[in-house]
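Working notes for the structure below.
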Amino acid sequence: MMEHKILIAGFGGQGVMLMGQLLCLGAFLERKKVLMLPAYGGEQRGGTSNCTIIISDEDIGSPSVRRYDTIVAMNQPSFNTFHGFLREGGQILTNKSMVELPEEDGRTTAVEIPILETAARLGSERAANMVMLGALTAACGMVGKAFVQQAVVSELGKKRPDMIELNLAALDAGYSIMSDPCPVK
Amino acid sequence: MEGCEAIAEAAVRVGCRFFAGYPITPQTEVPEYMSRRMPEVGGVFLQGESEIAAINMVYGAAATGTYAMTSSSSIGIALKTECISYLAAAHIPAVILNFQRGGPGIGNITASQSDYWQCVKGPGSGGHRCMVFSPSTLQECVDIMGTAFERSQRDRNPVIILLDGCIGNIREAVELPDMRPAPDIDASDWCLSGCEGRSPRQLLPYFRPDPKTCAEQACAMYERWQKEDVLVFEEALADAEVVLTSYGTAGRIVNSCARRLRDTGLRVGIIRPLTLNPFPAASFSGLDPAAVKLVIDVEMTKPAQMAEDVRLALNGRIPVKSLEIPSGVLPTDEDIYEGISAILQGEGIHGI
Amino acid sequence: MEFEYIYKKPSALTSKANSYCPGCMHSTANKLIAEVLEELDMVGKTIAVFPVGCAVLSADYFLTDMTIAAHGRAPSVACDIKRCRPDKLVFAYQGDGDLSSIGMCETIHTANRGENIAVIFINNAIFGMTGGQMAPTTLVGQASTTGGKSRNPDDVGYPVKMCELINQFKAPKYIARFAMDSVPHIRDAKKGIRKAFELQLNGGGYSFVELISNCSTNWKTTPLQSLEFIREKMIPYYPLGEFRVPEEM
């Protein structure tokens, strides 16, 4: 059975929930079982937000996760809080310009994704979260890029048709970064 | 869709046209959704000034034949029990959602299963019972909604759907029921509509015609539930040596743990009640003591509550152990797997 | 020989002999409502909500569709019968223990929302059915089984004036207090009930009609003395009159 557990964390406005929703929709379109649990209650305050996503071939059990396969840290507090929840051999994707990685800890495999720079190069920093979504899609390996693209088009195409080209390019760029990653530390 | 919204939308689609609620975590998204949705379908939404007012508003609305629902969490349900008892006595149907929170008092909002006794055994004063549903996944919640309203109307008795903050907040893919037309309240033969052209109708919350007849009718209904209305998920019971039982959110976690346990060679069966009242006693009494060494009851509350009904149904024929997850933590798959493994080892069953 | 009806039982009432205590003005209040329903031709289009307390006995005498609400909750039940059946006349009939004690919350908020129902409030300054306990409306100096020989305001505060309280809200349309102590006052009361019902039928909104009534059993008076008590003690504290009337009336 294939099952992949993901945490996306950042602060409000970075598109944490949007990334989660689009990945879930892509997984759904590929007929995977999928569950998303946005953080709620008192566990996260101060403008941070996070969500758990579980993608599976079979019925999903608990939405509560002890160890994640992949963690996306969009800012420093998220990295600090959550990197300890990564399973051995799991992967952390970081927002390169906002997360400073600690000295070698011998356990965490972090991949710094230059999402702001990449998005800016493509036309607007606003597409940074799409770069990360592309990287996450590649890292997770449970959802085909085409399905996430389809999700992006169906969810964002209507709201911002002028942005769709940029969003898809950003998704693609993020995906490519992971295809040729240069893991640090 | 988000859990609360999917559940609310399913209620609308099966004909719910009245909702009264009060803000309480973790179900506030239900009244919020209903406040937007009810006007779109010609229904009525009203925020009560209290939990008590909200359920009494449901009492009034449902007395007109309108499909009516309210929603709350544990302590809010405790406040509503006065009127739930009145609904049962006056034979007025209603659907009540309980997104359980953990522990006595204000408790905590983490998903919990602390209200089994409250909802299954004593949903109100006076010794009446409500049918209680216990879906595990969002799809089951949505699928059960039509049945909940139908049975509530059929029996003219309140129905409780036992949920928790986890199911209210998760997002899963769901297939919603088709939009059904709202029931024609003029066609009803019992509701209050003004007595023009017929004799007056009285919905009175006390014994009519007399206490004995009322009690006998209620008991006959409860027995009918037991015979005809039990809903239960059963899996791999034929050759099971260990049977796991649980409901709601614990049930979905146990399902996935059972797969892992089977990978180790253990023959694991599952009995997962979808109705807690009527309780699927026959599923337990039908187990073969020669084959089944142990029944493990998994509940997200301590002390375990459903375990009592499991023991009653087994009547001492098979030992029962409970894995009790105290309120406050939503258990992971690993927590439950390790807990079950420890019980199995303690009983000397199967080396895992 | 031909006979002509000069008086008959209103068609909204059953022919049961009522079981209120001798001299209790609940029976007259029931009759006033029944007469108004008949005059407005609304008997078959009315849904009544009765409370807990002596006023619940009314359920035995009305020939309308009806239900009984839990103690104090009649306004919540009534307002959503009305919201689901806006074409029907809906009224709640409550005593002072029910309305101003345990049901204060529902009373206040239903009034504040301006629900399109009529609330008929029978205020006899005591818990009747349970045997004479102190109510929020019990007068200073009045005896009760839980307040001693004399209500002591230093201990339990002063009697609640419901009309005045509800008159603080913007939404209610008709607020009035009448007394059941004399024929002229009872005639006024009937006019008030009629105004409340007519207002509702015209989509007007919330009305609150308080009827100062008696309880000779628990006041430990004769029926006639109880009417004297209304005049001499109750009315001076609970002044009669229409507190708010819609312009068109």
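In what follows, chains are A, B, ... by sequence order, proteins preceding strands, each numbered from 1.
Surrounding CG of B:D210 are more than 12 heavy atoms belonging to other residues, nucleotides or ligands, all under 6.0 Å away. More than 12 heavy atoms of other residues, nucleotides or ligands shown are found within 6.0 angstrom of NZ on C:K16.
With B:L192 as reference, C:D65 is the one residue of C:D65, C:V90, C:T64 to meet the side chain to side chain contact (heavy atoms under 4.5 Å, CB included) rule.
With a 4.5 Å cut-off on non-hydrogen atoms, B:I185 touches chain C through its backbone and its side chain both. The contact between C:L63 and chain B is made by backbone and side chain atoms together, counting heavy-atom distances below 4.5 Å. For a residue to count as touching a neighbouring chain, one of its non-hydrogen atoms must lie under 4.5 Å from one of that chain's; by this rule C:D41 does not touch chain B. Of the atoms belonging to C:C79, it is side-chain heavy atoms, and not backbone ones, that fall under 4.5 Å from chain B. Contact annotation for C:K45: both backbone and side-chain heavy atoms come within less than 4.5 Å of a heavy atom of chain B. No part of B:R17 comes within reach of chain C, as not one of its non-hydrogen atoms sits under 4.5 angstrom from that chain. Interface residue C:A70: backbone and side-chain heavy atoms are both found under 4.5 Å from chain B. At a 4.5 Å heavy-atom cutoff, B:S85 makes no contact with chain C through either its backbone or its side chain.
No side-chain heavy atom of B:E196 sits under 4.5 Å from any side-chain heavy atom of C:V43. Side-chain contact between B:M57 and C:R83: absent, with no pair of heavy atoms (C-beta onward) separated by less than 4.5 Å.
The distance from atom OG1 of C:T110 to atom CD of B:E49, rounded to the nearest 0.5 Å, is 5.5 Å. Separation of atoms OG (B:S193) and CZ (C:R85) is listed at 5.0 Å; rounding is to 0.5 Å. With rounding to the nearest 0.5 angstrom, the CG atom of B:L204 is 7.0 Å from the CE atom of C:M66. Considering CZ of C:F62 and CD of B:Q202, their distance stands at 12.0 Å, rounded to 0.5 Å. Here the CD1 atom belonging to C:I81 is positioned 10.5 Å from the SG atom belonging to B:C191, to the nearest 0.5 angstrom. Here the straight-line distance linking atom CD of B:Q47 with atom NE2 of C:H109 works out to 10.5 Å at 0.5 Å rounding.
In this model, no donor atom of one side chain and acceptor atom of the other lie less than 3.5 Å apart for C:S76 and B:Y59.
The two atoms that bring B:F18 and C:C84 nearest to each other are CD1-SG, 3.9 Å, heavy atoms only.
Within residues 66-79 of chain B, the residues that have a heavy atom under 4.5 Å from a heavy atom of chain C are B:T66, listed by number. Among the residues in residues 116-130 of chain B, none has a non-hydrogen atom closer than 4.5 angstrom to a non-hydrogen atom of chain C.
Comparing B:T64, B:V58, B:N56 by how many heavy-atom pairs each has under 4.5 Å with chain C, the most go to B:N56.
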* For C:T67 and B:R201, what are the C-alpha separation, side-chain angles and deciding distance, and is it a side-chain contact (heavy atoms from CB on, under 4.5 Å)? -> CA-CA 8 Å; C:T67 186; B:R201 291 175 186 159; over 6 Å; no
